[in-house]
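Report on the structure given below.
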Amino acid sequence: MAESLRRLRDSLLEKGIVDADFHFVKDHIFTSPSLAAAIVLGRNANGRTEWKTAGNKALRDVEEDELA
């Protein structure tokens, strides 16, 4: 994990935005879904494919459906 992501993740922990398991417990706005996914997963991630609805639909598919 890049040092900049590690610092951001540590900051979110300190502020109580994520818990020790890196589950979001408070709302936080990120500049991209990939940045949010990287914080949770602890690695680089494509947020458009990693974030899924309760029905297992990827964010990419939700976005594409809205544009159709």
Side-chain angles (χ1 to χ4, degrees):
M1 181 177 217
E3 183 60 32
S4 59
L5 288 176
R6 196 177 318 261
R7 283 193 306 270
L8 177 56
R9 194 158 90 162
D10 290 345
S11 172
L12 295 173
L13 272 166
E14 289 174 13
K15 293 176 183 176
I17 295 169
V18 295
D19 65 17
D21 294 322
F22 303 107
H23 297 137
F24 287 94
V25 294
K26 293 182 182 174
D27 290 341
H28 184 77
I29 297 174
F30 288 89
T31 56
S32 74
S34 295
L35 179 56
I39 293 301
V40 173
L41 297 172
R43 61 172 172 78
N44 288 338
N46 180 338
R48 294 184 72 231
T49 58
E50 296 285 355
W51 290 111
K52 303 231 170 45
T53 66
N56 206 35
K57 190 173 190 177
L59 176 59
R60 171 192 61 209
D61 298 327
V62 171
E63 291 173 336
E64 288 173 1
D65 287 352
E66 288 180 358
L67 293 175

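Position 1 is the first residue of the sequence; numbering continues from there.
Few gaps surround CG on L67; more than 12 heavy atoms of other groups in view lie less than 6.0 Å from it. Taking a 6.0 Å sphere around CG of N44, one finds it holds 12 or fewer heavy atoms contributed by other residues, nucleotides or ligands.
A continuous path of Ile, Leu, Val, Met, Phe, Trp and Tyr side chains, each step under 4.5 Å between heavy atoms, connects M1 with I17, placing both in one hydrophobic cluster. Neither L41 nor F24 shares a network with the other; the hydrophobic side chains, linked directly or stepwise wherever heavy atoms of I, L, V, M, F, W or Y lie under 4.5 Å apart, form separate groups for each. Note on L13 and L35: same hydrophobic cluster, where clusters join Ile, Leu, Val, Met, Phe, Trp and Tyr whose side-chain heavy atoms are under 4.5 Å apart, directly or indirectly.
Listed by chain and residue number, E50 satisfy the side-chain hydrogen bond (donor to acceptor under 3.5 Å, both in side chains) test with R43 (two or more places apart in sequence, or in another chain). Under the rule for a ring pair (Phe, Tyr, Trp, His ring centres under 6.0 Å), F22 has no partner lying at least two apart in sequence or in another chain.
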Query raised in the report: What do the steps show when you test V18 against V40 for side chain to side chain contact (heavy atoms under 4.5 Å, CB included), and what is the final call?
Result: CA-CA 9 Å; V18 295; V40 173; 5.7 Å; no
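Considering all non-hydrogen atoms of both residues, A45 and S34 come closest at O-CB, 3.2 Å. When all heavy atoms of L5 and A38 are compared, the closest pair comes out as CD1-CB, 3.9 Å. Nearest heavy atom pair, residue I39 against residue R9, reads O-CD, 3.0 Å.
Here salt bridge (charged side-chain N to carboxylate O under 4.0 Å, His left out) pairs that include residues 53-68, with residues two or more places apart or in two chains, are R48-E63, K57-D65.
Expressed to the nearest 0.5 Å, how far CG of L8 lies from CZ of F30 amounts to 6.0 Å.
Side-chain atoms of D19 come within 3.5 Å of backbone N or O of D21 as a donor-acceptor pair.
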